[in-house]
Every structure is written in structure tokens, then in C-alpha cells.
Amino acid sequence: MTARPPAAREADDDALGHEITVLHTASRHTYGVPRSHAELRLLRRRVNRKRIARVMRERDVRGVTRRKRRSSTRPAAKARPAPEHALGLIADRGRSSRDHVNRHLGRPRE
């Protein structure tokens, strides 16, 4: 049995993969999908960014990430816990929000 010839898209992906690998090597293995896409556009090669991402993923070609992504919502180690009334854990026992505001402002109840 003979093997089928590669499909046109497979051949195009192989050629694109070679170009991406050359760009990646020339950039000292730093270019990721966005820069590779920009470089290919400068070379007048119009290719979808998602296709570049797929070809790079299939060939295990990755760009360099400069910094670690961190969450900015972590609590500080020395932070005091929030009071229960601020978290809504204490029920208002039937009081309206107006009563709640008036009580904190020192106004008499209406």
C-alpha cells in the first residue's frame, strides 16, 4: 500500500512551521505568537494569528515570558480581618438601609 501524498494544508503548515522556526531562532528563541505574526506580516506573509499559534504549539515553539503573572488581590499577612457587619454576616433584623445610615450618623429614628 502506498502512502497518500500530504494535503495542501499540511504542506503549507510545514512551510509556515519552517518560517516560524527560522524567525524564532533568529530572535534567540524569544519571539512568541504576537511578534512572529508581526514579522510574517512585514515579510508580506498574511497568516491568521491563531494558525501561527497552532503551528507553534504543534512544534513546541514558545516565546520568552519576562515576568511572572501575579494576583494583586492577595491579603497581606498582617492585615486585620474585616468586621462581620462589613461582610454582611450580621443580619439587620428587619431594619431598612435608611435606619442603618441614620444610626451610624447619630440621627434619631423616624
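In this text, all values refer to a predicted model and were calculated from it rather than measured experimentally.
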- Item | Heavy-atom closest contact (S36 atom, L23 atom, distance) | O-CD1, 4.2 Å

- Message: With a 4.5 Å cut-off on side-chain heavy atoms, are R41 and V47 touching?
- Response: no

- Query: Should L40 and L16 count as side-chain neighbours, where that means a heavy-atom distance under 4.5 Å?
  - Reply: yes

- Query: Side-chain contact, heavy-atom cut-off 4.5 Å: R62 with M56?
  - Reply: no

- Check: R28 and V64 side chains under 4.5 Å, non-hydrogen atoms: no

- Query: Is any side-chain heavy atom of R59 less than 4.5 Å from a side-chain heavy atom of D14?
  - Reply: yes

- Query: What is the distance from atom NE2 of H18 to atom CD1 of I20, rounded to the nearest 0.5 Å?
  - Reply: 11.5 Å

- Tell me, with the steps shown, if R35 and E39 meet salt bridge (Lys or Arg N to Asp or Glu O under 4.0 Å). CA-CA 6 Å; R35 285 184 178 174; E39 285 291 322; over 6 Å; no

- Task: Please indicate whether R45 has more than 12 foreign heavy atoms, meaning atoms of other residues, nucleotides or ligands, lying under 6.0 Å from its CZ.
- Result: yes

- Task: Please answer whether the main-chain N or O of H24 pairs with a side-chain N or O of S27 as donor and acceptor at a distance below 3.5 Å.
- Result: yes

- Task: Could you check N48, D13, V33 and say which one makes a side chain to side chain contact (heavy atoms under 4.5 Å, CB included) with R54?
- Result: D13

- Under a 4.5 Å side-chain heavy-atom rule over Ile, Leu, Val, Met, Phe, Trp and Tyr, are Y31 and I52 clustered together? no

